Amino acid sequence: MSQKLLITDLDNTLYDWVTFFTASFKDMVSELTVLLDVPEQVLLDEFKSVHQRYGNSEQPYAVLELPSLQRKFSRLSRAEILNKIDPALHRFNSTRKRTLSLYTGAAETLSELREAGVKIVGHTEAILANSYWRLRTLGVQTYLSRLYTLEGKDAIHISSDSRWVDPPVNFVTVVPRDERKPNPRLLLDICSHEGSDPSSAFYLGDSLVRDVAMAKEAGVTAIWARYGTKYDPSCWTYLVKVTHWTDQDVEREKSLKSKYGEVLPDHTIDRFAQLKSIVLGG
């Protein structure tokens, strides 16, 4: 029997991404409206356009590509512009520091599973610049043996960010954009790469359509992190205003919900600690 493998989603599975990112982004935009003397809706529309171009709703330094900012600071260098908008970036970072935290019991449970011999890998559709930073900031990257992260559309100049630390060698595997959720081939490839049989693997995620349905089709035990769906609906409403989703993405999501809307997980958990007994048995 192959070693047990836990593949865990990150956003709204290890931590509440929707809540912390919305709060941080709103505070940044609030500051930008003052610095740039531009209405909030104009900035939200501009962010949405930039995000759609990259296919990523949290593209690092997307703010530098806002037309309103470029018009106001057209004669300044990148360094000078960053200095001008530092109050807005500081608001984002300050709010993120206050609101980004692991779900209760996540660190302890991951530690116990690893001690019990379970191999743990992370899988996310966030790009490396964001996903690894969050894991490291929250102190849980040491519980994971690998991180599968989505391929970005363009180079990310993370070297300009003094907080960036390169991941350990062989820790990161970049997933091609055509293997996005809920493609079951993705999980089968991960299992193969990790030397685990799908029947010995578990996938933990907050989305019935993207996570649970994918795991079920791949023959991997599907665990629904229902707790990850418990956030203020107004946060999601705000996110839609700046999302990278195009009209085609919206139609694809509708199609997926129609196809997988009635899927049932193998297990449902409302607290992270409940994961231990499912994976270890008993």
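Remember, it's a predicted structure, so these values are computed and weren't measured experimentally.
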Checking Arg98 against Phe20: charged group under 6.0 Å from the ring centre and within 45 degrees of the axis? no
Give the C-alpha distance, both sets of side-chain angles, the deciding distance and a yes or no for side chain to side chain donor-acceptor pair (under 3.5 Å) between Thr109 and Glu112. CA-CA 5 Å; Thr109 301; Glu112 291 171 1; 5.2 Å; no
Between the main-chain N or O of Val240 and the side-chain N or O of Lys48, is there a donor-acceptor pair closer than 3.5 Å? yes
Chi angles and distances behind the side chain to side chain contact (heavy atoms under 4.5 Å, CB included) call for Phe47, Met28: CA-CA 12 Å; Phe47 267 114; Met28 177 181 68; 3.7 Å; yes
Pair Thr95-Asp27, side-chain donor/acceptor within less than 3.5 Å: yes
What are the two closest heavy atoms between Val121 and Ser145, and how far apart are they? CG1-OG, 3.5 Å
Just so I know, are the side chains of Tyr203 and Ile223 near enough to count as touching, which here means a heavy-atom distance under 4.5 Å? no
Is the shortest side-chain heavy-atom distance between Leu32 and Val34 below 4.5 Å? no
Test salt bridge (charged side-chain N to carboxylate O under 4.0 Å, His left out) applied to Arg53 and Glu65, step by step: CA-CA 11 Å; Arg53 186 162 70 248; Glu65 300 189 32; 2.5 Å; yes
Given side chain to side chain contact (heavy atoms under 4.5 Å, CB included), test Tyr143 with Ser111 step by step and report yes or no. CA-CA 6 Å; Tyr143 303 130; Ser111 176; 3.6 Å; yes
Does a side chain donor of either Tyr148 or Glu194 reach within less than 3.5 Å of an acceptor in the other side chain? yes
Is it true that the NZ or CZ of Arg96 lies under 6.0 Å from the centre of Trp133's six-membered ring and within 45 degrees of the ring axis? yes
Any chance the side chains of Tyr227 and Gln274 put a donor and an acceptor closer than 3.5 Å? no
Heavy atoms, side chains only, cut-off 4.5 Å: are His51 and Glu58 in contact? no
Hey, what do you get for CD (Gln141) to OH (Tyr132), rounding to the nearest 0.5 Å? 5.0 Å
Between Thr99 and Ser24, which heavy-atom pair has the shortest distance, and what is it? OG1-OG, 4.0 Å
The single option from Leu113, Thr221, Leu144 that satisfies side chain to side chain contact (heavy atoms under 4.5 Å, CB included) with Leu6 is Leu113
Counting C-beta onward and ignoring hydrogens, is there a side-chain heavy-atom pair between Trp236 and Leu239 closer than 4.5 Å? yes
Tell me whether the guanidinium CZ or amine NZ of Lys4 lies under 6.0 angstrom from the six-membered ring centre of Phe202 and within 45° of its axis. no
Rounded distance (nearest 0.5 Å) linking atom CG of Asp16 with atom CG of Leu100: 9.5 Å
Just wondering, are more than 12 heavy atoms of other shown residues or ligands nearer than 6.0 Å to CD in Glu115? no
Kindly determine whether Phe92 and Val63 satisfy side chain to side chain contact (heavy atoms under 4.5 Å, CB included), including the steps that lead there. CA-CA 12 Å; Phe92 183 95; Val63 62; over 6 Å; no
Could you walk me through whether Thr13 and Asp9 pass the side chain to side chain donor-acceptor pair (under 3.5 Å) test, one step at a time? CA-CA 6 Å; Thr13 299; Asp9 178 45; 2.9 Å; yes
For Arg226 and Asp206, what are the C-alpha separation, side-chain angles and deciding distance, and is it a salt bridge (charged side-chain N to carboxylate O under 4.0 Å, His left out)? CA-CA 6 Å; Arg226 183 162 54 188; Asp206 63 291; over 6 Å; no
Examine Leu208 and Leu264 and state if one hydrophobic cluster contains both, with Ile, Leu, Val, Met, Phe, Trp and Tyr joined whenever side-chain heavy atoms are less than 4.5 Å apart. no
Can you tell if the side chain of Leu64 reaches within under 4.5 Å of the side chain of Arg78, non-hydrogen atoms only? yes
Closest non-hydrogen atoms of Asn170 and Arg146, given as atom of the first, atom of the second and distance, are O-NH1, 2.9 Å
So, Ser57 and His244: side-chain donor and acceptor under 3.5 Å apart, yes or no? yes
Thinking salt bridges, do Lys216 and Asp266 make one under a 4.0 Å N-O criterion? yes
I want to check something: taking the side chain as every heavy atom from C-beta on, are Thr149 and Val175 in contact at a cut-off of under 4.5 Å? no
Minimum heavy-atom distance His123-Leu186, with the two atoms named: NE2-CD2, 3.2 Å
Side chain to side chain contact (heavy atoms under 4.5 Å, CB included) between Phe272 and Thr104, intermediate numbers included: CA-CA 7 Å; Phe272 202 97; Thr104 300; over 6 Å; no
Just how far is it from atom OG1 of Thr19 to atom OH of Tyr231, taken to the nearest 0.5 Å? 8.5 Å
Test of understanding: clusters of I, L, V, M, F, W, Y form through side-chain heavy atoms closer than 4.5 Å, transitively. Do Leu82 and Leu66 belong to the same one? yes
Just how far is it from atom OG1 of Thr22 to atom CG of Asp232, taken to the nearest 0.5 Å? 9.0 Å
In one Ile/Leu/Val/Met/Phe/Trp/Tyr side-chain cluster, 4.5 Å: Val118, Leu14: yes
Residue pair Glu46 / Ser49, side-chain donor-acceptor N/O under 3.5 Å: no
Under a 3.5 Å cutoff, is there a donor and acceptor pairing between the side chains of Gln59 and Asn56? yes
Could you point out which residue of Glu151, Glu125, Met214 forms a side chain to side chain contact (heavy atoms under 4.5 Å, CB included) with Arg180? Glu125
With a 3.5 Å cut-off and no angle check, do the side chains of Thr124 and Ser131 form a donor-acceptor pair? no
ILVMFWY network linking Leu188 to Ile7, side-chain heavy atoms under 4.5 angstrom: no
Looking at Asp11 and Arg134, is any side-chain nitrogen of the basic one under 4.0 Å from a carboxylate oxygen of the acidic one? yes
For the residue pair Leu275 and Leu204, establish whether any side-chain heavy-atom pair is separated by less than 4.5 Å. yes
So, does Gln3 use its side chain to make a donor-acceptor pair with the main chain of Gly117 at under 3.5 Å? yes
Can you give me the closest heavy-atom contact between Ser77 and Glu80, atom names plus distance? N-OE1, 2.8 Å
To the nearest 0.5 Å, atom CD1 of Ile269 lies from atom OH of Tyr103 at 11.0 Å
Decide yes or no for Val220 and Cys191: does some side-chain heavy atom of the first lie under 4.5 Å from some side-chain heavy atom of the second? yes
Would one find more than 12 heavy atoms of other residues, nucleotides or ligands at under 6.0 Å from atom NZ of Lys276? no
Any link between Phe171 and Leu150 through a network of hydrophobic side chains (Ile, Leu, Val, Met, Phe, Trp, Tyr) touching at under 4.5 Å? no
Residue pair Leu35 / Ile85: nearest heavy atoms and the distance that separates them: CD1-CA, 4.0 Å
The reported gap from CG in Asn183 to CG in Asp189 (rounded to nearest 0.5 angstrom) is 8.0 Å
Checking Glu40 side chain against Thr33 main chain: does a donor-acceptor pair fall under 3.5 Å? no
